[in-house]
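Shown next, in structure tokens, is the structure this report addresses.
Every heavy atom of this structure was used, including side-chain atoms; hydrogens, water molecules and symmetry mates were not.
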Amino acid sequence: MKSTKRLTTAGEERSLASHLKESRSVIGEEVKLSESSDEEPCRCGGFYDISEADLDQIVDFALIDCAHCSLTLKVLA
């Protein structure tokens with residue numbers, strides 16, 4: 001019997017990892033990439049630290065954790 005496993009690309013792996021993280025995260029806010037800044041405020045009073053490297057890698061969306069609480073910022077491409 002022949003195996004039907006398909007190799008995934010790095011982009012597909014990042015997308016799968018992002019969707020898995022999204023299903024386990026508490027999304028505190030969603031912003032568009034064009035409207036985001038390096039430090040988005042969180043409702044807890046902390047900030048989501050967004051690096052240029054994070055912004056450059058966004059394909060569909062990115063999930064950025066707050067450094068002070070359990071909320072996550074969803075940045076849409």
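- Within the model, atoms CD of Glu39 and CG of Asp49 stand 5.5 Å from one another, a figure rounded to the nearest 0.5 Å.
- Going from atom CZ of Arg43 over to atom SG of Cys66 covers 10.5 Å, rounded to the nearest 0.5 Å.
- Atom OH of Tyr48 and atom CD of Glu29 lie 6.5 Å apart (nearest 0.5 Å).
- Applying the side chain to side chain donor-acceptor pair (under 3.5 Å) test to Ser51 and every residue at least two apart in sequence or in another chain returns Asp54.
- How far SG of Cys42 is from CG of Leu71: 4.5 Å, rounded to the nearest 0.5 Å.
- Residues forming a side chain to side chain contact (heavy atoms under 4.5 Å, CB included) with Leu33 (at least two apart in sequence, or on another chain): Ser36, Leu55, Ile58, Val75.
- Residues Val31 and Leu73 are in side-chain contact: their nearest non-hydrogen atoms beyond the backbone lie under 4.5 Å apart.
- Contact check for Ile27 versus Leu63: side-chain heavy atoms found under the 4.5 Å cut-off.
- Side chains of Ile50 and Glu40 form a contact here, defined as non-hydrogen atoms less than 4.5 Å apart.
- The line from CD of Glu35 to CG of Leu76 is 9.5 Å long, rounded to the nearest 0.5 Å.
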